[in-house]
2 protein chains.
Amino acid sequence: MTDRHQDLAGGFPETDHDHASCVDEALDRAVAICERRQVRLTPLRRRVLQAVWSSHKPVGAYNILTMLTNERGTTAPPTVYRALEFLLENGLIHRIESLNAFVGCTKPGQDHAWQLLICRACGRVAEISDGKLDHAIADAASRAGFILQRRTIELAGLCSACRDSGPAQRDGDGALV
Amino acid sequence: MTDRHQDLAGGFPETDHDHASCVDEALDRAVAICERRQVRLTPLRRRVLQAVWSSHKPVGAYNILTMLTNERGTTAPPTVYRALEFLLENGLIHRIESLNAFVGCTKPGQDHAWQLLICRACGRVAEISDGKLDHAIADAASRAGFILQRRTIELAGLCSACRDSGPAQRDGDGALV
DNA sequence: GTCATGCTGATATAGTATAACATTTTCGTT
DNA sequence: AACGAAAATGTTATACTATATCAGCATGAC
């Protein structure tokens with residue numbers, strides 16, 4: 001299956017894509033995957049997944065905490081972290097180590113090797129799954145006699161949209177767009 | 001120049017290497033690099049670099065803070081973080097994003113692309129600089145129309161020494177050896 | 001209905017990092 | 001040697017990120 005929203009600008013979504021359906025599709029896929037895996041996508045977990053998917057930018061645990069607190073009254077950190085842990089374990093989100101934040105996985109349930117492209121101008125993250133790159137990683141590990149268990153591949157720079165549009169634009173929050 | 005301590009087990013140091021000279025060499029290289037770059041390797045910065053080099057395992061900022069506090073009386077976090085920032089800027093150490101910790105750079109002053117292998121059994125970190133892998137990264141970024149500014153490549157697994165020696169060994173601290 | 005299990009709530013605390021301002025050191029210039 | 005600008009360090013306070021622990025509730029198997 002090809003995700004039509006993700007295929008244009010080198011893995012970054014089109015700037016005018018229909019994000020609501022983006023989120024809906026992610027949630028639908030999550031439902032199917034959790035059913036298949038016999039794990040429970042509870043309302044809380046579903047809500048946290050939706051929060052991670054609220055944009056294509058990294059979302060921090062405490063951002064989510066704030067959303068939940070606004071919606072349902074005081075919520076404590078473990079509530080969010082446990083949901084995030086569940087979503088990570090089930091391959092529904094990725095953690096961005098260099099930002100202490102999370103993004104939705106665009107290929108859940110496919111047990112893939114992924115790499116993240118993080119645009120420093122607009123703040124968006126693209127997930128790619130480059131076979132040659134992953135092969136090179138496996139080779140390098142193999143040459144070192146290293147048994148590879150987990151890859152953290154985070155590439156920061158400028159996405160193709162921002163590359164051409166000069167200095168970074170910022171949105172009303174002061175956050176990178 | 002080849003670093004004889006680093007070349008055997010796939011980038012990991014020999015288990016019985018002379019670590020004191022390992023540290024000495026790192027400090028000597030740092031002195032030379034800072035002189036060349038016209039930046040100041042003050043006693044504090046030198047001491048923090050030495051602390052990062054105290055083993056081939058990742059060292060946390062607060063580990064260093066404790067060492068300094070023991071040696072010279074109460075020391076505040078910014079003291080350590082500023083020194084670490086200096087060392088990062090000058091390519092003398094690497095930050096491991098997935099562990100919030102630091103390791104000494106084995107090729108300072110050479111403006112190289114590096115990748116880190118992190119052994120989950122013994123806790124040691126090897127720095128490799130695999131040209132093919134870096135080329136694959138550049139290619140993948142290029143295909144995505146992405147301008148690459150910073151690479152975070154952290155591979156976790158088992159080093160060749162631990163691969164063969166069964167379950168993880170732990171040292172007296174409870175820390176991974 | 002009871003029980004075991006898993007999930008969530010709640011409190012407390014640990015671990016990581018930076019902002020802001022004060023003081024000291026360094027070094028080139030006078 | 002004294003001065004002044006810039007860099008480095010000291011100091012205090014606080015922000016941000018994450019987990020341990022125990023209590024209560026929901027779910028599903030029997």
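Just so you know, these numbers use all the heavy atoms, side chains as well, and skip hydrogens, waters and symmetry mates. Lettering of chains follows the sequences in order, A, B, ..., and the numbering in each one begins at 1.
One can place CD of A:E89 at 13 Å from C1' of C:dC7, the figure rounded to the nearest angstrom. Rounded to whole Å, atom C1' of D:dA26 lies 16 Å from atom CG of A:L41. For the pair A:L65 CG and C:dA10 P, the interatomic distance rounds to 13 Å; values are reported in whole Å. As rounded to whole Å, 9 Å separates atom P of C:dA10 from atom CZ of A:R72. Regarding B:N63, its CG atom lies at a distance of 14 Å from the C1' atom of C:dA14, rounded to whole Å. B:F102 places its CZ atom 10 Å from the C1' atom of C:dT16, with the value rounded to the nearest Å. As rounded to whole Å, 11 Å separates atom P of C:dA17 from atom CD1 of B:I64. When rounded to the nearest whole Å, the span between CZ of A:R47 and P of C:dT8 equals 14 Å.
If you check D:dT17, D:dT9, C:dG9 against the side chain of A:Y81, the one that comes closest is D:dT17. For B:P77, the side-chain atoms get nearest to C:dT18 when compared with the rest of C:dT18, D:dT19, D:dA18. Nearest to the side-chain atoms of B:P78 among the listed nucleotides D:dT9, D:dA18, C:dA19 stands C:dA19.
For the pair B:R45 and B:F86, the cation-pi criterion (under 6.0 Å, within 45° of the ring axis) is fulfilled.
Within 6.0 Å of NE2 on A:H19 lie more than 12 heavy atoms contributed by other residues, nucleotides or ligands.
In this model, the phosphate group of D:dT9 is not approached by any side-chain N or O of B:T79 to a distance below 4.0 Å at OP1 or OP2. Contact annotation: B:T42 reaches the phosphate of D:dT9 (side-chain N/O to OP1 or OP2, under 4.0 Å). Between A:R95 and D:dA18 there is a side-chain N or O to OP1 or OP2 distance below 4.0 Å. Contact annotation: A:N100 side-chain N/O to D:dC16 OP1/OP2 distance is not under 4.0 Å.
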For this session: May I have the step-by-step check of side-chain hydrogen bond (donor to acceptor under 3.5 Å, both in side chains) for B:H112 and B:E127, ending in yes or no?
Result: CA-CA 11 Å; B:H112 60 304; B:E127 175 181 343; 2.5 Å; yes
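No path of Ile, Leu, Val, Met, Phe, Trp and Tyr side chains, each step under 4.5 Å between heavy atoms, connects A:L155 with B:I147, placing them in separate hydrophobic clusters.
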Distances for protein N/O vs nucleotides 22-28 of chain C N/O pairs under 3.5 angstrom?
{"from": "C:dT26", "atom 1": "O3'", "to": "B:R40", "atom 2": "NH1", "distance (Å)": "3.0"}

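One can find a donor-acceptor pair under 3.5 Å joining the base of C:dA17 and the side-chain atoms of B:Y62. The base of C:dG9 lies close enough to the side chain of A:R82 for a donor and an acceptor atom to sit less than 3.5 Å apart.
Counting only N and O atoms by type, the side chains of B:E154 and B:H94 include no donor and acceptor under 3.5 Å apart.
Between the side chain of B:N90 and the backbone N or O of B:L92 there is no donor-acceptor pair closer than 3.5 Å.
A:G10 approaches A:A126 most closely through the heavy-atom pair O-CB, 4.2 Å.
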